[in-house]
Each structure stands twice: as structure tokens, then as C-alpha cells.
Amino acid sequence: MKSVIVVGAGIWGSSLALRLAETGWRVTLVEQHRPGHVRQSSAGETRLLRCSHGDDAWYTRLAWQARDGWRRLEERAGEELYHEAGMVWFARTTDGWEHRSAQVLKNLDIPCELLDPSDGGRFFPDLRADDLRFLLWEPHAGVLRARRATQVTAALAVASGVRLVRARVVPVAGDAAPYQAAVEIDGEVRHADRVVWACGAWLPALFDVPVSVTKQDTLHFAVPSAWSVPETPAWVDHGASAYGHGDVDGVGMKATSDAEGEPYEPEHGSREVDAAGVERARAYLLRRFPSLARAPVLFSQVCQYALTPDAEWIVNEVSPGVWLFGGDSGHGFKHGPALAGYVAGVLDGDHAPEPRFGLHERTPSRGLRTSGQVL
Ligand SMILES: Cc1cc2nc3c(=O)[nH]c(=O)nc-3n(C[C@H](O)[C@H](O)[C@H](O)COP(=O)(O)OP(=O)(O)OC[C@H]3O[C@@H](n4cnc5c(N)ncnc54)[C@H](O)[C@@H]3O)c2cc1C
């Protein structure tokens, strides 16, 4: 039986561990805290699932496959993890990112509609749309209960035979290659056929990777009940780097920025949100949903992005049997189940990883994120 050690029980590591256990691998999942602990990126209260990715068909297709994966996970877990409330994209130009996304969605037969800005009343109790050229409606997009989904995935992995070990591990230097397919736990070296480092924002402290880590404040506002999922869907204003969704589970309507925050250290960095972020979100509410301009902050979280320059991920073998799996660039959660299948195929030797996921020099680009510009 082939053996693998997966380091990191965020959604990427947990989904991969589950997938590999189900396909005949002996899996050890190592996590320094607990699956779903609040420092990890996967422990956000919610994450959006959208298929639109500008003109990129690869991620579009993967997100669509992932939707099925989340549905299967829900069935196994016996609880709702995905609210398919749909998503409205606010397009400020006729030929920009939303237009290109719609073209790809149509080519792949993924349902979407182009609507007039005046149709916004179908989705929001109040919407100021005078700067918009059209709305892109993705009916099968929606909101994942992220932290819960991560805990469920890790629990299903354990139920499928994965051994979950609580430890902080470090790489083991090799002789012929930079690293051995092994981890070191408290001075003891443990080998496996493959080791996968799915360490999120902790990866750049362990390996030389083109990843920068930024502080991201997430804000939820107290709103009237009409602003709840599913009546109020998810929304993204790509041109303003703003996104959110209706209230899920009573934590308030999310309205927050995708613009990069300050450099951040995930283990010890402050988990208090900045006043400037609250002001930015409030200014956006005033412009787009004016009746919510004075809504109080009900719930907030500090999380971190692990950004590559071009927002493409890293799936790369740095030494024989040693794989880096990271650089999610703030858009990796939704893909969890489908991405796990893809990476399992790489580890099984069924296919090579896409060249885009290598450790080559990256050309800066923001196109894959929900963030069209730095504000
Ligand atoms: C504010 C915010 C909003 C986002 N919105 C979206 C969205 O709407 N849609 C979307 O798809 N994505 C979104 N993302 C991105 C998404 O959250 C991430 O892509 C995803 O959670 C990454 O998961 P991960 O498993 O790679 O990392 P993490 O969840 O951070 O997990 C890494 C794990 O590795 C563990 N670890 C690290 N080093 C070690 C070690 N040496 N030993 C043992 N364990 C270790 C850590 O403790 C941690 O638990 C958002 C991210 C943020 C911050």
C-alpha cells in the first residue's frame, strides 16, 4: 500500500487526505492545531463558490466540478454546507472581466444570464446601480459554510481511515536532493512514499516559494431579515474589489474587501480588524446598498491570503516524492473537493501538474481573484 503524509488540515490538505484514503493510500494527516482552527484560511465562517474566472476555462471547469463534490460531501455528512443562493456580478464595463467570464460560462454550458442593472431589484431590497452596465447572474454559485465544511471533511477523512496527528512538523533535508520524503516531529523522522505540504500561509516559512502573506479583515453587518440567504444572493463588484453575500446562520450580511492588506504572520499576527477596513466596507455599502450604510458590524474575522504574484496555485514536486501544495491566492476554498481529485491524480502519476502551477518566475496578475484593482 502506498503511503502519504499530508501536512496541514485546512480544506486543501483535508480534502486531499480524504480523497487519497478513499483511493487506497495509507494516509497520515498532520496538523499543528485542529482542523478548522481559527488561524487557518479555511476557517472563515463562509466562502463563495463561483464559476466565473474571467477568460480562464480551467478554473471555471474545476469550480463547476467542485459544486458536485460539495453536494456529495453534504450527502455523506447529512448537513447543509452549501447555500446555492446564486451570485450577481456588478459589471461596470460592457467588455470587461464579467463579459469574458460569461463567454466562458456559455462555452462550458454553465448556466448564467446577462441582466439589465434595473433587474437588481430581483435580488436586493435596495441596490444603487447607476454606474453599472449590466449584471451577470450565476444561479448555481453560492455560499459555503467554510469552517464547518473543513471540520466535516477532516472528520470524514478520519472515518475513512486517515490517521490525524497533532504536531508541528518541519521538512527533512536530503543528500542527493534538497528534501527527503519525510517529516520531522519532535526530532523523530518519519518517511512516506509521498509528503504533501499543504500549509497555507505557513508555507513560505518552510520553503522558498513565491508566496506573500497579507492580513485580510472580513466584516459582517447586522441587517434586516430580507438581506438573508437565499433571498439575497452572493455578489461581487470586481472593479471595486468588494464582495459579500446575504446573512447566513445569523452572523450578518458579509460586505468586505478583496484588496490586499498588510504583510502578515499567520501564527502570531493580531486578529483584530482595522478601523480603516470597516470604513472602507461602510463606504461601499453607502454607494451600492445605501439603506445599509449605518448597519452595525455584527461579526468580524481576520484571515490571511497566501498570494502568488499571478494568483495561480503551486502544485510542485521539489524533491522526489516531496510536493508543495499551496499559494491558494485567496480563491482556493470553493475548489476543495475537485482540486483534491486533480492532485490525487498527480500523485498517482495519472497526469502531470499544469505548468502554470510550477515554481517559475510569475508575471503579476489579479485576473483570477474577485479583485479587479487595488483601492
Ligand atoms: C478573507 C478571505 C476570504 C476568502 N474568500 C474566498 C472565497 O470566497 N472563495 C474561495 O474559494 N476562497 C476564498 N478564500 C481562500 C480560501 O480560504 C483558501 O484558498 C483556502 O482556505 C486555503 O486552504 P489551505 O488548506 O491551503 O490553507 P489553510 O486553511 O490555512 O490550512 C493550512 C493548515 O496548515 C497547517 N500547518 C501549517 N504549517 C504546519 C506545520 N509545519 N505542521 C503542521 N501543520 C501546519 C496550519 O495550521 C493550517 O491549519 C478566502 C480567504 C480569505 C483569507
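When a ligand or atom number is given, it counts from 1 through the structure's own listing order. This one's a predicted model, so the numbers in the text were calculated from it and none came from an experiment.
Other residues, nucleotides and ligands contribute more than 12 heavy atoms inside 6.0 Å of the CD atom of E80. Other residues, nucleotides and ligands place no more than 12 heavy atoms under 6.0 Å from the CZ atom of R133.
Looking at L206 next to ligand 1, no N or O pair under 3.5 Å apart turns up. At least one N or O atom of E31, backbone or side chain, sits closer than 3.5 Å to an N or O atom of ligand 1. The shortest N or O to N or O distance between A201 and ligand 1 is not below 3.5 Å. Residue Q40 has at least one N or O atom closer than 3.5 Å to an N or O atom of ligand 1. Considering both main-chain and side-chain atoms, H37 comes within under 3.5 Å of ligand 1 through a nitrogen or oxygen pair. In terms of polar-atom proximity, defined here as any N/O pair under 3.5 Å, F333 does make such a contact with ligand 1. For the pair H33 and ligand 1, the shortest N or O to N or O distance does not fall below 3.5 Å. Residue-to-ligand polar distances place D328 within reach of ligand 1: an N/O pair is separated by less than 3.5 Å. At under 3.5 Å, not a single nitrogen or oxygen of Q304, backbone or side chain, sits near a nitrogen or oxygen of ligand 1. Any N or O atom pair closer than 3.5 Å counts here, and W197 shares no such pair with ligand 1.
Ligand 1 places these atoms under 4.0 Å from at least one heavy atom of I11: 23 (O), 25 (O). Each of the atoms 1 (C), 52 (C), 53 (C) of ligand 1 lies under 4.0 Å from some heavy atom of C303. For ligand 1, the atoms lying closer than 4.0 Å to a non-hydrogen atom of S42 are 20 (C), 21 (O), 22 (C), 23 (O), 24 (P), 25 (O), 28 (P), 29 (O). Close contacts between ligand 1 and L48 involve ligand atoms 7 (C), 8 (O), 9 (N), 10 (C), 11 (O) [criterion: under 4.0 Å to a heavy atom]. When each atom of ligand 1 is checked for a heavy atom of K334 under 4.0 Å away, the hits are 9 (N), 10 (C), 11 (O). Numbered from 1 in the order shown, with element, the atoms of ligand 1 that lie under 4.0 Å from a heavy atom of G8 read 33 (C), 34 (O), 35 (C).
The hydrophobic cluster containing L16 does not contain V195, counting ILVMFWY residues as joined when their side-chain heavy atoms lie under 4.5 angstrom apart, directly or transitively. Residues V223 and F299 fall into different hydrophobic clusters, defined by Ile, Leu, Val, Met, Phe, Trp and Tyr side chains chained together at heavy-atom separations under 4.5 Å. Side-chain heavy atoms closer than 4.5 Å link hydrophobic residues (I, L, V, M, F, W, Y) into clusters, and following such links, even through other members, never connects L347 to I5.
Checked against the 6.0 Å centroid threshold, H335 and W12 do not count as a close aromatic pair. Ring pair W70/F333: centre-to-centre distance below 6.0 Å. In summary, the aromatic rings of W89 and F123 are positioned with their centroids too far apart to meet the 6.0 Å limit.
Looking only at protein heavy atoms, the nearest one to atom 31 (O) of ligand 1 is G10 CA, 3.4 Å. Looking at atom 38 (N) of ligand 1, its nearest protein heavy atom turns out to be W202 CB, 3.4 Å. Ranking the protein heavy atoms by distance from atom 25 (O) of ligand 1 puts W12 N, 3.1 Å first. Scanning the protein for heavy atoms near atom 30 (O) of ligand 1, the closest one is S41 N, 3.0 Å. The closest protein non-hydrogen atom to atom 5 (N) of ligand 1 is R47 CD, 3.2 Å. Nearest non-hydrogen protein atom to atom 1 (C) of ligand 1 is T218 OG1, 3.4 Å. For atom 41 (N) of ligand 1, the closest non-hydrogen atom on the protein side is V169 O, 2.8 Å. Atom 36 (N) of ligand 1 has its closest protein heavy atom at Q32 NE2, 3.5 Å.
Under the 3.5 Å distance criterion, the side-chain polar atoms of H238 are left unmatched by any main-chain donor or acceptor of V236. Distance alone, capped at 3.5 Å, is enough to place a donor-acceptor pair between the H351 side chain and the Y342 backbone. In terms of modelled atom types and a separation under 3.5 Å, the side chain of Y264 and the main chain of G269 share a donor-acceptor contact. Looking at W97, its side chain never comes within 3.5 Å of a backbone N or O of A91 through a donor-acceptor pair.
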Run the ring-ring contact (aromatic ring centres under 6.0 Å, His included) test on F207 and W197 for me, step by step, so that the C-alpha distance in whole Å, both residues' side-chain angles and the decisive distance to 0.1 Å come before the verdict.
CA-CA 10 Å; F207 297 93; W197 296 86; 5.3 Å; yes

Determine, step by step, whether F289 and W235 satisfy the ring-ring contact (aromatic ring centres under 6.0 Å, His included) criterion, reporting the C-alpha distance in whole Å, the side-chain angles of both residues, the deciding distance to 0.1 Å, and the verdict.
CA-CA 12 Å; F289 310 110; W235 50 272; 5.1 Å; yes

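Contacts between T46 and ligand 1, counted as non-hydrogen atom pairs separated by less than 4.0 Å, are absent for every part of the residue. Counting heavy atoms closer than 4.0 Å to ligand 1, residue A167 contributes backbone atoms (N, CA, C, O) but none from C-beta onward. Here Y243 has side-chain heavy atoms under 4.0 Å from ligand 1, and that is the only part of it that gets that close. At a 4.0 Å heavy-atom cut-off, ligand 1 does not touch R39 at all.
For the ligand labelled ligand 1, residue A198 lies inside the 4.0 Å heavy-atom shell. Ligand 1 has G330 within reach: a non-hydrogen atom of the residue lies less than 4.0 Å from it.
In plain terms, the two heavy atoms of A63 and K334 that are nearest each other are CB-CD, 4.2 Å. Across all non-hydrogen atoms, the minimal contact from A226 to T232 is O-OG1, 3.0 Å.
With rounding to the nearest 0.5 angstrom, the OH atom of Y59 is 5.0 Å from the CZ atom of R356.
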